[in-house]
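Take a look at the structure below.
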Amino acid sequence: MKISVFWFRRDLRLDDNTALRHALNSGLPVLPVFIFDDNIIEELSPNDARINFIYDNLHFINKELNAHGSAVLILKGDPVKVWEKLIAEYDIGGVFLNRDYEPYALFRDGKIRTLLKQSNINLHDFKDQVIFERDEIVKEDGKPYTVFTPYKKRWLANFATSSVASPDTAVYKTFMPLNVPFPGLSDLGFVKSKIKVKDFDLSVANHYAGTRDLPGQDATSYLGPHLRFGTISIRRVIGQLKPHHEVFLGELVWREFFMQILYHFPEVVDRNFHTKYDGIAWRNNEIEFDKWCMGETGYPLVDAGICQLNETGYMHNRVRMVVASFLCKHLLIDWRWGEAWFAERLLDYELSSNNGNWQWAAGTGCDAAPYFRIFNPAEQQRKFDRDLVYIKRWIPNYHPGNYSPPVVEHKFARERALETYKKGISNI
């Protein structure tokens, strides 16, 4: 029996899934598959909460399909070898997937496309995880934007006149009949995580503009992981927003801005976007880095943010800026150290946003905070957590009178950072 194959990746849902819709309309029974990619898995802990989240959502999808006589085929290994087996086992008429724009994903998908072509199988890929992709929002000369504000203006203008596809619902009758056991977490080599991904709450958009900088209020949507792994479509999210939710919408535009930066400038993964900062002499003191990682800097707001991340996999957005700035500016530790550390722990880790925001904090990225903008952690605390609600939530025993002394004094650190950056730029 000739079939179509739909490959689940960063789109773990049956609802409003672009490539899945096209597969279900292909005229052939659809076999849905998911591949736990060893090339990614090997870099993660067996109890990584994000793997648990993927597994749990696949289990939910599988139960939905079981009710209609089908299932998700769960596989694990190197994607190329997995696809070689699929091609040998099934008579595949076409493969359907939603596009991914990260460097590794582009490399992997290129290899799969070549493999399928050798067997005369067409690969059909679609835009799904963004409203606008790649070259859809560019300057008049066709070059990509590297400054956010004009990008946002054009994004909004195009959105106002575009016909974004209406969300759709899966047609179960065209899934391939399949009865296979769903593997246990341990069967795949994974361990249950103590950290859980929270449900998202879009109602926070109603007051987001006024509360987003106040970590003590916890006015966060927790949408990040759900967009990262596609448990809800970006179209469903934006469809629920109202005109007065423009600040919340702006954060979603930032997400797409950083995605197109990564697509057009893949070298930013491990290099400064602005090469004039390549001459910065980072101190990279490992003892001080360890103190930062453990939340022992002596600055309560910084430490509370680290404690929240270590315990929950989340960190409040305002606090992220303070924490990142402290590492790069106060301690003069290379932003790549912090970026990699966040990548291991953030439930909403997204390469493009993580990279873009760390370079923003370090002053080395596109549309970044200028290098001479150095957050004063104590002042940020007074401004955004005056009553110590956030700090005491994550440092229960905190008391101003007996807290550990700062790892570095603010005024000294600020002057040192300014001098180091100036010298680094002048040496290029």
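- Note on residues 181-198: pairs passing side chain to side chain donor-acceptor pair (under 3.5 Å), not counting sequence neighbours, are K198-Y222.
- Listed by chain and number, the residues in a side chain to side chain contact (heavy atoms under 4.5 Å, CB included) with R320 are M315, F342, L346, D348 (sequence neighbours excluded).
- Between K143 and D135, no side-chain nitrogen of the basic residue sits less than 4.0 Å from a carboxylate oxygen of the acidic one, so the salt-bridge criterion is not met.
- Residues satisfying the side-chain hydrogen bond (donor to acceptor under 3.5 Å, both in side chains) criterion with H245, sequence neighbours excluded, are N206.
- Residues forming a salt bridge (Lys or Arg N to Asp or Glu O under 4.0 Å) with K383 (at least two apart in sequence, or on another chain): none.
- Taking 4.0 Å as the cut-off between side-chain N and carboxylate O, R283 and D334 do not count as a salt-bridged pair.
- Salt-bridge check for R235 with D16: passed, with a basic side-chain N closer than 4.0 Å to an acidic carboxylate O.
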Would you give me the side-chain donor-acceptor pairs under 3.5 Å for residues 56-69, sequence neighbours excluded?
unit_1: N57; atom_1: ND2; unit_2: F53; atom_2: O; d: 2.9
unit_1: N62; atom_1: OD1; unit_2: V72; atom_2: N; d: 2.8
unit_1: N62; atom_1: ND2; unit_2: N66; atom_2: OD1; d: 3.3
unit_1: E64; atom_1: OE1; unit_2: Y172; atom_2: OH; d: 3.2
unit_1: N66; atom_1: ND2; unit_2: N62; atom_2: O; d: 3.3
unit_1: N66; atom_1: ND2; unit_2: S70; atom_2: O; d: 2.8

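- Salt bridge present: R236 and D15 bring a charged side-chain N and a carboxylate O closer than 4.0 Å.
- Using cut-offs of 30° and 60° for the angle between ring planes, the Y421 and W282 rings count as perpendicular.
- Pairs of residues two or more places apart, or lying in two chains, that qualify as ring-ring contact (aromatic ring centres under 6.0 Å, His included) and include a residue from residues 89-115 are F96-H124.
- Side-chain contact, Q129 with R228: no donor N or O sits under 3.5 Å from an acceptor N or O.
- Across all non-hydrogen atoms, the minimal contact from P79 to N39 is CD-ND2, 3.7 Å.
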